[in-house]
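Everything on this sheet refers to the single structure shown next.
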Amino acid sequence: MKNQNNETKENANNKGTLRRLFSNKVYREGVVTQLFYVAAQIMTWTFIIQYADRLGIDKATAQLYNIIAMGMFLCGRFISTFLMKYVNSRKLLMFFAIGAMLASAGTILIDGLMGLYCLMAISVFMSLMFPTIYGIALGDLDSKSVKLGAAGLIMAILGGSVLPPVQAAVIDCGSIAGMPAVNLSFALPLVCFIVILFYARRAFRRMAV
């Protein structure tokens with residue numbers, strides 16, 4: 001009986017915590033933003049090979065470009081961690097989102113190796129996004145809400161299963177309006193980075209108030 005009462009009390013506490021979480025705009029928007037970020041990361045890394053293949057690069061070399069992009073991601077993580085000592089994390093997230101948007105635009109509009117280099121450069125700007133969005137979203141939660149809130153943010157990795165199939169379907173078109181479909185498909189990660197920019201901007205403004 002005692003265990004049943006404890007379980008009922010815990011369920012009531014969890015419901016109260018969920019209400020607090022989803023009434024918190026920074027957290028609620030953070031979960032949505034994290035979903036878009038994970039989708040962008042998977043799309044960027046998954047389709048480097050298809051992008052390189054259209055340029056006539058063999059799959060082994062294309063995979064090497066993919067590995068280099070992941071190495072750039074790791075280097076970017078160290079650089080962004082250092083920069084956070086001097087720049088507010090919300091502002092830095094804004095700058096990196098803008099950088100990712102510009103690199104995505106280059107991937108779409110620039111044909112040839114320069115477009116591929118732009119695609120690889122996206123990894124540098126993605127490097128700080130997941131932990132920074134995570135930290136911002138949980139930043140002003142009380143200690144009782146953090147555990148459940150963290151679980152919600154981790155579940156946002158499901159975003160990686162939604163948009164990549166859409167991008168694959170676009171790539172399968174071959175060409176769209178006279179442009180290579182693989183290039184145009186990176187408009188989807190571009191949209192994701194726009195979402196991240198808006199979240200970072202809103203979070204920074206709320207902090208400044």
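Annotation: side chain of L35 is not in contact with side chain of V31 (no heavy-atom distance under 4.5 Å). Two residues are said to be in side-chain contact when any heavy atoms from C-beta on lie closer than 4.5 Å; F96 and M126 fail this criterion. No side-chain heavy atom of F125 sits under 4.5 Å from any side-chain heavy atom of F73. With contacts defined as side-chain heavy-atom distances shorter than 4.5 Å, the pair M43/F186 does not qualify. For the pair D53/V182, no side-chain contact is recorded, criterion being any heavy-atom separation below 4.5 Å from C-beta on. Using a 4.5 Å heavy-atom cutoff, the side chains of V195 and Y37 are not in contact. Side-chain contact check for C173 versus I176: some heavy-atom pair is nearer than 4.5 Å.
Under the 3.5 Å distance criterion, the side-chain polar atoms of S80 are matched with a main-chain donor or acceptor of R77. Within the 3.5 Å criterion, the main-chain N or O of V32 finds no donor-acceptor partner in the side chain of Y199. Formation of a donor-acceptor pair under 3.5 Å by the S127 side chain with backbone atoms of G76 is found in this model. Listed for the Y51 side chain is a donor-acceptor partner under 3.5 Å among the backbone atoms of T107. Distance alone, capped at 3.5 Å, places no donor-acceptor pair between the Q50 side chain and the I171 backbone.
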